[in-house]
Amino acid sequence: MAIIFNKKLLALSLTVILASCSGGGGSSSDGEESSGDTGSGQGSGQDTGQGNTPISGNVGTSVMVGDVEVTELGFATLSSVDVTLPEALNNAREVYQMAHYIARTDGEGNKEDIDIPIRSYVATCATDTETPRMFVSTTLAEGTDTNDTTYGSVYELKYNPQTASFDQTGNATLLKQCYESHGIATSRDCSRVAVLCNTGYRAHENYDVQDDLVEKYGTTFMKMEDNLDKVEGTDKEKKYNDQIWLMEWDSKLLHETPDTYVVSKIHGGSHVGSEELIYVDSDSQGRSSYAFSASGRVFDGGGGSHYSAGLTVINRNDWSLNMSGSDNRGWDWACGNGHVVNIRAFYNPENESFGALCTSDWNNSIKSTHGQLGTIAIKMEWNDSFEGYFNHFVPSTSAMVSNGGGHTVVPIDDKTNLSVIVAPKYIEDADMERFLWDEVGVDPNGTGPFDEDCADYDATNCFFSYMGYNSWNSDSDKYPSISRQGLYSGDALDTSSLTRIGIAKVDGNGSISGQSFKWLVEDPDCQISDPQLVDLRNGRYLLGYAKFQCISDNLSYQRIYASRGSMRMLVPKAFYVMEIDANLNILEGPIQLPNHGWGGLDEPMYLGSGKVAWSYIKNPTFENYGGGQQNVWQAMIYHSKSAN
């Protein structure tokens, strides 16, 4: 949540912060003055928007050193090499209707027009050695048509200390059992690699699998085939009943046959979620575990279907699930209210718990008082009886279209996680100040923080208290929220749909009670999205983000069911990076990457000693877009100079 300062404190804070930053500042590359929050983290609850981080006009410079492109960022360097995908196939296009934070792919008009890559996943291992490795899961296509056959794939890259970049090892496989491959995970020493494979209805009847964990241990919801009596004889079971397999190579090369387990039978129907896979070698109880998050659809007794998402935790010691009872791990259904638009799994090694950050298209507390709002909620593995703790709201529709959402959760310690979201502004500064004065009894001209006072007022924080007041007093317009622009289209982008990136400290349960979102990146002209946050493990965190369409573009506002102009909401104009600390102070940057970027739904991974690695297409920005299908990608490594 943003910060209310008096004018003297605001000026002093900005002077101190700007003096302490390097590698950033300046006006944006488009010439507009840009802004974002750089305050101290004290807050009124959400939406004052005072104190701003520039969308930097500084741009890194790149040179070629042999086959390696090296980009100097001042406080870091970025090395990049070309990588040929397995069997020189192109990556697959993204699936129709995939939800992003400010758009959906069906905004491109029809399936043939979709021209961005399906999400890829990376996992790193041996990060405590001089030659860490990265394994990549990417879905490949036999051709460039949307109806062409697609397969999952996995390949390995190895860090080369001499070039400070990756080498291809030749360890790779094409998974022809799978039409897509998703989340990937490795053991610390790289001896064990696992990937999630999406495959067809009852596919395990045609392939050898080690075990069907759903049939042995799953709940009724998870055993989708038990609920098909009303819909047999149609294509619904094939549309909604795809399976997810976990495929594991234990001390094997990738071309060898993996051990395969059926871990879901409720996948399919709507491709709005991603599938994360996490592996824990061993915890204090001796448990070796996999966990994955995925959206799903189940049928009711009348043949209707319902859509949500679950977190499945697998005991690797005996390949079992425990989805019910007092000691359950994970859940089969329900995170946030309504349909789940995005779900992101995470693991906190300090409290040895899995959880997920979910974005949904509805909420039962504020309902539609301010136009329909979806929830951003965190639900931990043991929260089987409710929908998690709400962190924020986003404008949404029942068609699972939202303007923003939760991106990821990064643990700090056993009691604290950082929750990263994209959302527009809801409350004008003056309205929040009046609310604090009149309802909470707090002087907004003081030095703050106010969130604990609001928690006493309404058990959460000032933003939820403000929105809750309006829900309880729906006939009053005393404390209005900002009118939202339509989520489908409009004559032009306006300030009500500008998005920004916020980070909040949430507790070990996922609750934001008494805390606030700090809006680290926002701009008065452009939408900001596609955040990335990675722990550098030296007291610093790499924060990346992207700038999309701007009001000053003077173009129609196209989000969904429109023309190819909606590509402007799917392909960024520019990518930026900066470094922050655990208290959300900006330490370095921001600075623009001249030639590189990442997929909006992807997540880079820590590679050891201040390094972060990922892979993506070449020429990823809107002006120089190289197309969404390429057979030569780039593998990138961010090297923070703070590690020296």
Side-chain angles (χ1 to χ4, degrees), residues 121 182-185 194-198 211-224 226 243-248 261-267 273-298 306-337 339-340 342-360 377-389 406 408-409 411 417 506 508-511:
Y121 302 75
H182 284 270
I184 190 166
V195 70
L196 295 177
C197 156
N198 285 6
D211 212 345
D212 182 343
L213 303 189
V214 177
E215 185 63 30
K216 288 182 69 172
Y217 303 106
T219 65
T220 300
F221 271 176
M222 297 172 71
K223 300 175 183 179
M224 170 57 81
D226 293 343
Q243 295 185 349
I244 300 176
W245 293 352
L246 189 152
M247 308 176 79
E248 182 189 78
Y261 298 85
V262 181
V263 293
S264 176
K265 296 181 180 179
I266 60 174
H267 178 66
S274 57
E275 299 168 35
E276 312 272 0
L277 179 65
I278 301 171
Y279 176 69
V280 176
D281 274 310
S282 182
D283 63 16
S284 63
Q285 300 180 52
R287 299 178 298 185
S288 175
S289 306
Y290 286 108
F292 72 93
S293 58
S295 56
R297 188 181 292 266
V298 299
H306 305 277
Y307 188 89
S308 190
L311 175 73
T312 302
V313 181
I314 301 166
N315 184 339
R316 172 61 178 74
N317 295 351
D318 60 4
W319 290 102
S320 66
L321 310 178
N322 183 5
M323 303 296 291
S324 61
S326 60
D327 59 346
N328 75 290
R329 302 196 74 187
W331 68 88
D332 58 4
W333 200 248
C335 184
N337 297 143
H339 305 115
V340 174
N342 279 303
I343 181 168
R344 298 275 183 161
F346 65 91
Y347 179 73
N348 187 323
E350 301 298 325
N351 59 28
E352 299 185 336
S353 298
F354 294 102
L357 177 65
C358 305
T359 305
S360 70
I378 291 179
K379 184 173 178 178
M380 302 304 295
E381 63 175 64
W382 57 81
N383 295 145
D384 187 45
S385 60
F386 72 111
E387 294 161 320
Y389 287 101
T408 192
V409 173
N417 300 307
V506 298
N509 292 317
S511 171

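What's counted below: heavy atoms across the whole structure, side chains too, no hydrogens, waters or symmetry copies.
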Tyr389 side chain near Asn509 side chain, heavy-atom distance below 4.5 Å:
yes
Tightest non-hydrogen contact, residues Asp283 and Arg287, listed as OD2-NE, 2.7 Å
Where Cys197 and Met247 come nearest, the two heavy atoms and their spacing:
CB-SD, 3.4 Å
Test Thr312 against Met222 for side-chain contact (heavy atoms from CB on, under 4.5 Å), laying out the working first.
CA-CA 10 Å; Thr312 302; Met222 297 172 71; 4.3 Å; yes
Verify the distance criterion only: is there a donor paired with an acceptor across the side chains of Asp332 and Thr219 at less than 3.5 Å?
yes
Kindly indicate whether the side chain of Asp212, heavy atoms from C-beta on, has any atom under 4.5 Å from the side chain of Lys265.
yes
Any Leu277 side-chain heavy atom under 4.5 Å of Ile184 side chain:
no
Residues 348-357 vs salt bridge (charged side-chain N to carboxylate O under 4.0 Å, His left out), sequence neighbours excluded, gives none
Side chains of Leu311 and Phe354: does their closest heavy-atom pair fall under 4.5 Å?
yes
Flag side-chain contact, heavy atom, 4.5 Å: Lys216 against Asp211
yes
Test Tyr279 against every option in Phe292, Tyr347, Tyr290 by the ring pair (Phe, Tyr, Trp, His ring centres under 6.0 Å) rule and name the one that passes.
Tyr290
Tell me whether Lys379 is salt-bridged to Glu387, with the criterion being a basic N under 4.0 Å from an acidic carboxylate O.
no
Minimum heavy-atom distance between Asn417 and Pro411, given as atom pair plus value
OD1-CA, 3.3 Å
Run the side chain to side chain donor-acceptor pair (under 3.5 Å) test on Asn315 and Asn322 for me, step by step, so that the C-alpha distance in whole Å, both residues' side-chain angles and the decisive distance to 0.1 Å come before the verdict.
CA-CA 8 Å; Asn315 184 339; Asn322 183 5; over 6 Å; no
From Arg344 CZ over to Leu357 CG, what is the distance, rounded to the nearest 0.5 angstrom?
8.5 Å
Closest non-hydrogen contact found for Tyr307 with Val340 is CE2-O, 3.2 Å
Asn348 side, atom CG; Ser353 side, atom OG - distance, nearest 0.5 Å
7.0 Å
Hey, does the side chain of Asn342 reach the backbone of Ser360 with a donor-acceptor pair shorter than 3.5 angstrom?
no
So do Ile378 and Phe346 actually touch side chain to side chain, heavy atoms under 4.5 Å?
yes
Look only at the side chain of Ser320 and the backbone of Asp318, and say whether a donor-acceptor pair between them is shorter than 3.5 Å.
no
On a heavy-atom basis, the closest approach of Ala194 and Leu246 is CB-CD2, 4.0 Å
Sorted by chain and number, sequence neighbours left out, salt bridge (Lys or Arg N to Asp or Glu O under 4.0 Å) with Arg316 holds for Glu248, Asp250
Would you mind reporting whether His306 and Ser308 have side-chain heavy atoms less than 4.5 Å apart?
no
Identified side chain to side chain contact (heavy atoms under 4.5 Å, CB included) counterpart of His267 within the set His182, Glu275, Arg297
Glu275
Is a donor on one side and an acceptor on the other found under 3.5 Å between the side chain of Asn317 and the backbone of Ser288?
yes
Quick check, are the ring centers of Tyr261 and Trp319 under 6.0 angstrom apart?
yes
Working for side-chain contact (heavy atoms from CB on, under 4.5 Å), residues Ser274 and Tyr121:
CA-CA 10 Å; Ser274 57; Tyr121 302 75; 3.7 Å; yes
Taking C-beta and beyond as the side chain, do Val263 and Ile314 meet within less than 4.5 Å on heavy atoms?
yes
With no hydrogens and no angle check, just 3.5 Å: does a side-chain donor-acceptor pair link Arg329 and Ser289?
yes
Within the distance-only criterion (no hydrogens, no angle test), does the side chain of Trp331 pair as donor or acceptor with the backbone N or O of Ala309 below 3.5 angstrom?
yes
